[in-house]
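Worksheet: the structure to be examined is printed underneath.
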Amino acid sequence: MPETEEAVRTAAGLDRDYLRDVFRAMLKARLLESKLSSLYKAGKIVGGVYLGKGQEAVSASLGASLVRGRDIFAPLIRDQAGRTAFGESMLDCTRTYLGSVLGPMKGRDGNIHRGRPLEGLPAMISHLGTTVSVVAGMLVARRLKGEMAGVVGATCVGDGATSTGSFHEGLNMVAIENLPMVVIVANNQFAYSTPTDRQYACEDLLDRAKGYGVAGHSVDGTDMLACSKVIGRAVTLAREGAGPQMVVARLLRLSGHGEHDDGSYVPNTLRAGNLGRDCLEVATAQMTEGGYAGADEIERWKTEFTDEVQAAVAQAQQEPAPDPWDEEWFACKSTTGRL
């Protein structure tokens, strides 16, 4: 049984404070990404914007189960809710999207490719499936330095990533080394526009966990309470020494692959089904009906978070962009300091 209050809370997955953390992260991420979408459409953001709409319950449940400063969390493109729950500041997000030199990437890279590796938050990697190997390597490094006590490593990937060599190589290493790692697979039915029946022939993606000797769990990704319980429990099992865990969350991406994509390839019948439920709407009902938060309180959070989003955007927009002549990341320099 878990020994610490934190582990007990996470194992239950239904603790009031924990659920409030998950829900608040979901709500804040949705409001932030809605603003980012508007900025993109107004031509204020260079590069892509990828929304986590429909995946917030999964992502936030994971982020809220981890401990910033101790654990490792490698998010993917739809994990703003998880980043928020893990403790990433909103300014880190807005500064990166808007190219501020004061952001974590110093304006060198855009949108989702941001992180603070020394704080256990590796930057997102576009080569899908690669984060499994990266987190595995970070955990092995911790082990070699004798710093593994109570540590969990975690990452989120999409269903498409499970078809890559990086995913299979990484998961195999995780299993062989028996690392305390949680791999979340958001099965959102499409790898960009490729449906799942053209991605894998196994009956369920959990079969891939079995093939590598990894414990597997399945959850309805549209259900915040279910996600909190199942994902929270998987993190606790990994932390207690039960080895790597893989959670497959069934859901539907409620936007296109990115804001450049209208998602017209998704059948309306799928959108109208259970997978097409908006997890934030489901979570709002669960919070009020379960007595975890009142409707008035949720409205206050919306106002608070909206103001926070506006302030973070306004601040990032006022900050300077990088100046290549003042930066120390030239490929080479002449004696004058210029290329």
Side-chain angles (χ1 to χ4, degrees), residues 1-13 15 18 21-22 58-76 79 82-88 104 114-125 127 129-157 161-162 166-185 208-217 228-248:
M1 292 294 292
E3 297 180 354
T4 66
E5 180 180 347
E6 170 193 74
V8 170
R9 184 184 83 168
T10 306
D15 173 84
Y18 173 61
D21 287 345
V22 172
V58 174
S59 187
S61 293
L62 178 60
S65 299
L66 301 172
V67 181
R68 182 74 178 268
R70 180 175 71 184
D71 294 331
I72 300 166
F73 174 42
L76 206 62
D79 282 318
R83 288 173 175 272
T84 300
F86 191 59
E88 181 188 63
R114 66 182 188 277
R116 293 189 179 275
L118 294 179
E119 299 174 23
L121 188 67
M124 204 290 287
I125 304 169
H127 295 82
T130 306
T131 53
V132 178
S133 298
V134 169
V135 175
M138 293 176 75
L139 287 171
V140 170
R142 296 272 190 99
R143 175 185 287 173
L144 293 174
K145 293 190 290 185
E147 299 173 355
M148 278 286 280
V151 171
V152 170
T155 189
C156 289
V157 299
T162 68
S166 293
F167 176 85
H168 290 278
E169 292 172 6
L171 193 61
N172 190 52
M173 175 183 176
V174 167
I176 290 171
E177 295 295 335
N178 195 36
L179 297 174
M181 183 164 171
V182 177
V183 178
I184 306 294
V185 179
R208 293 190 169 173
K210 297 176 185 177
Y212 286 104
V214 173
H217 314 268
S228 296
K229 185 173 183 178
V230 173
I231 294 173
R233 182 58 180 161
V235 171
T236 297
L237 288 170
R239 200 181 301 282
E240 291 179 338
Q245 312 289 313
M246 188 170 109
V247 180
V248 176

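All of these numbers come straight from a predicted model, not from anything done at the bench. Keep in mind that the numbers below use all heavy atoms, side chains included, and drop hydrogens, waters and symmetry copies.
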Under the 3.5 angstrom rule, does the side chain of [X] hit a backbone N or O of [Y] as a donor-acceptor pair?
X    : Y    : answer
D15  : Y18  : yes
S166 : G129 : no
T155 : A74  : yes
H168 : T162 : yes
R83  : G63  : no

Can you list the steps and then say if I72 with V152 is a side-chain contact (heavy atoms from CB on, under 4.5 Å)? CA-CA 6 Å; I72 300 166; V152 170; over 6 Å; no

Sequence neighbours left out, what passes salt bridge (charged side-chain N to carboxylate O under 4.0 Å, His left out) with E119? Give chain and number order. R68

Value for SG (C156) from CG (L76), rounded to nearest 0.5 Å, stands at 7.5 Å

Find the distance between CG (L144) and CG (L139) and round it off to the nearest 0.5 Å. 11.0 Å

At their closest point, which heavy atom of [X] faces which heavy atom of [Y], and how far apart are they?
X    : Y    : result
A85  : A60  : CB-O, 3.7 Å
A238 : P180 : O-CB, 3.4 Å
G150 : R70  : O-NE, 3.4 Å
Q245 : A215 : OE1-CB, 3.3 Å
S65  : S61  : OG-O, 2.7 Å
A136 : M181 : N-SD, 4.1 Å

Between V247 and V185, does the side-chain contact (heavy atoms from CB on, under 4.5 Å) criterion hold? Intermediate values first, please. CA-CA 6 Å; V247 180; V185 179; over 6 Å; no

Would R116 and E88 pass as an ion pair if we require N to O under 4.0 Å? no

A side-chain contact here means heavy atoms from C-beta on lying under 4.5 Å apart; do [X] and [Y] qualify?
X    : Y    : answer
S133 : M173 : no
V183 : F167 : yes
V248 : R208 : no
L171 : M246 : yes
L62  : V235 : yes

With side-chain contact (heavy atoms from CB on, under 4.5 Å) as the test, would you mind laying out the steps for T130 and M124 before giving the verdict? CA-CA 9 Å; T130 306; M124 204 290 287; over 6 Å; no

Apply side-chain contact (heavy atoms from CB on, under 4.5 Å) to the pair V140 and L179, showing each step before the final yes or no. CA-CA 8 Å; V140 170; L179 297 174; 4.1 Å; yes

Tell me, please, which residues at least two apart from R142 pass side-chain hydrogen bond (donor to acceptor under 3.5 Å, both in side chains). none

